[in-house]
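Structure record follows, encoded as structure tokens.
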Protein chains: 2
Amino acid sequence: MSNDTEPAPRSALVDEIASQIRARIMSGEIAIGAQLRQAELANELGVSRTPIREALRQLQTSGLIEVVPNRGAVVRVPVPWEVREAYQVRAQLEGFATELAVKRISDAEIATLREANETMREATVHPPALQPGEEPPTTTANDVFHTTIHQASGNQRLARTINEINETFPRNVSWLVLRDDQRHREQNVREHERILEAIVAGDGERARREMVEHVVGAGEHLARWYERRSATVFVG
Amino acid sequence: MSNDTEPAPRSALVDEIASQIRARIMSGEIAIGAQLRQAELANELGVSRTPIREALRQLQTSGLIEVVPNRGAVVRVPVPWEVREAYQVRAQLEGFATELAVKRISDAEIATLREANETMREATVHPPALQPGEEPPTTTANDVFHTTIHQASGNQRLARTINEINETFPRNVSWLVLRDDQRHREQNVREHERILEAIVAGDGERARREMVEHVVGAGEHLARWYERRSATVFVG
DNA sequence: CATCCCTAAGATGGATCCATTCTTGCTACG
DNA sequence: CGTAGCAAGAATGGATCCATCTTAGGGATG
């Protein structure tokens with residue numbers, strides 16, 4: 001996901017620009033609520049404002065930024081109830097993906113899931129020191145776990161839809177949520193293991209239930225983080 | 001000092017343009033597979049190419065059109081398996097919406113559902129003559145039925161996600177699917193009535209199941225239409 | 001001293017310009 | 001007669017221009 005040495009069909013410049021801006025928002029390099037000035041982005045990315053404007057339109061329709069006419073674009077600041085809503089939806093989709101995956105998953109994919117959980121457990125027990133802005137290994141392993149299930153579901157549209165929801169919320173917030181909450185991290189690992197257990201057992205119904213619960217729980221944690229944040233902002 | 005004295009949120013011109021182009025595709029005025037030439041659209045809509053280009057980027061990310069670098073945009077031609085995938089996802093979401101709706105639906109909304117079904121039944125028994133490109137009353141009533149349930153679910157993100165999926169496929173195709181299949185129309189009415197029955201009975205689980213089945217079935221019909229179409233194209 | 005207004009700077013948004021690429025049709029050659 | 005190649009036309013895509021809207025700052029006034 002980091003290298004694009006694609007000899008294949010020449011990706012459009014605009015899509016590349018959009019990806020870069022999205023990455024900056026996802027990593028927290030551009031904070032939520034921050035203004036996105038076209039001229040500034042154009043300078044930094046070494047292009048004119050035209051492709052920037054088209055890229056911003058893409059990010060607008062994907063819901064990551066908000067564009068107010070004649071006043072420019074800002075990174076959307078999620079409201080807690082929006083987070084809960086989105087994760088309710090995501091939970092259903094992930095649950096469905098898990099149920100589908102149970103019927104089609106390969107041994108290799110199961111091995112990948114085991115490995116991801118192992119990495120997560122390891123990083124949870126011995127949390128490594130991180131540079132600011134660096135992605136924690138738990139988050140990476142978490143992504144591998146979920147993405148593998150999406151793939152195993154065999155439904156590309158399902159994977160895409162889940163992805164669209166995830167890309168509405170900056171990823172670095174999820175890092176922060178996990179960083180200060182050892183108990184949440186441990187719970188995460190346990191839930192992943194229970195899900196994997198159900199998958200291996202071939203119990204689609206149970207796997208689905210566990211996954212739904214897992215995602216809703218994660219959404220609740222995320223929503224609470226945004227609640228605390230807005231409280232802070234209003235007070236201080 | 002809390003003045004959000006916004007009388008009109010003044011929608012951006014680009015969004016308006018995008019809506020118009022989307023509407024033309026949805027109604028079939030612009031056929032699937034057709035080229036979208038920027039200069040032509042600019043002329044017809046009375047603007048320059050700049051807002052057209054931004055609007056096309058929006059439609060691109062929403063998946064309705066495909067933009068090939070240096071070769072322009074075409075209306076995406078859905079492949080049958082894509083339709084099945086999308087409707088599998090939509091079915092889960094609509095099912096979930098129905099389950100949520102059972103707990104929150106108001107009497108007024110139930111009345112709306114009844115009315116929509118009545119309209120559908122009426123139009124199914126006595127199919128009116130239509131101008132080409134005119135939306136059949138069954139389709140309109142069908143939309144009212146589903147949209148009302150989305151609203152009643154109380155989850156805006158859920159409604160939006162379902163909408164995003166629907167807007168991937170031109171609506172006029174759904175008209176064609178229904179137009180020549182009296183049996184399908186009748187089945188549609190029956191299924192709607194069974195769903196409404198379960199909702200009124202307060203049986204969320206059953207309502208969900210009925211809705212999932214209903215949507216999957218609709219997807220199957222749609223997918224088969226695209227199958228027949230591609231066969232025709234390849235032969236003729 | 002606070003408030004209102006007015007002006008100037010900055011940013012967005014539509015229009016236009018031009019280089020590059022793709023397409024198409026004609027021609028020449030096998 | 002078919003195919004490869006080339007040249008002209010057309011369309012896209014990035015850059016630039018300019019009008020309009022927004023906002024910040026300063027000065028006048030009550």
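Chain letters run A, B, ... following the sequence lines, proteins first, then strands; residues in each count from 1. Values below: all heavy atoms of this structure, side chains included; hydrogens, waters and symmetry mates excluded.
- Around atom CZ of Arg24(B), more than 12 heavy atoms belonging to other residues, nucleotides or ligands sit under 6.0 Å away.
- For the residue pair Glu94(B)/His150(B), the side-chain donor-acceptor check at 3.5 Å is satisfied.
- Counting to the nearest Å, the P atom of dT16(D) and the CD1 atom of Ile52(A) are 14 Å from each other.
- Glu227(B) CD: more than 12 foreign heavy atoms inside a 6.0 Å radius.
- More than 12 heavy atoms of other residues, nucleotides or ligands lie within 6.0 Å of CZ in Arg171(B), so this atom counts as buried by the packing criterion.
- Between His192(A) and Phe145(A), the ring planes are parallel. Angles under 30° get that label, and only those over 60° would be called perpendicular.
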Taking only N/O atoms, report every protein-nucleotides 12-14 of chain D pair under 3.5 Å with atom names and distance.
{"unit_1": "dT12(D)", "atom_1": "OP1", "unit_2": "Gln38(B)", "atom_2": "N", "d": "3.4"}
{"unit_1": "dG13(D)", "atom_1": "OP1", "unit_2": "Asn70(B)", "atom_2": "N", "d": "3.2"}
{"unit_1": "dG13(D)", "atom_1": "N7", "unit_2": "Arg49(B)", "atom_2": "NH2", "d": "2.8"}
{"unit_1": "dG13(D)", "atom_1": "O6", "unit_2": "Arg49(B)", "atom_2": "NH1", "d": "3.4"}
{"unit_1": "dG14(D)", "atom_1": "N7", "unit_2": "Arg53(B)", "atom_2": "NH1", "d": "3.3"}
{"unit_1": "dG14(D)", "atom_1": "N7", "unit_2": "Arg53(B)", "atom_2": "NH2", "d": "3.0"}
{"unit_1": "dG14(D)", "atom_1": "O6", "unit_2": "Arg53(B)", "atom_2": "NH1", "d": "3.4"}

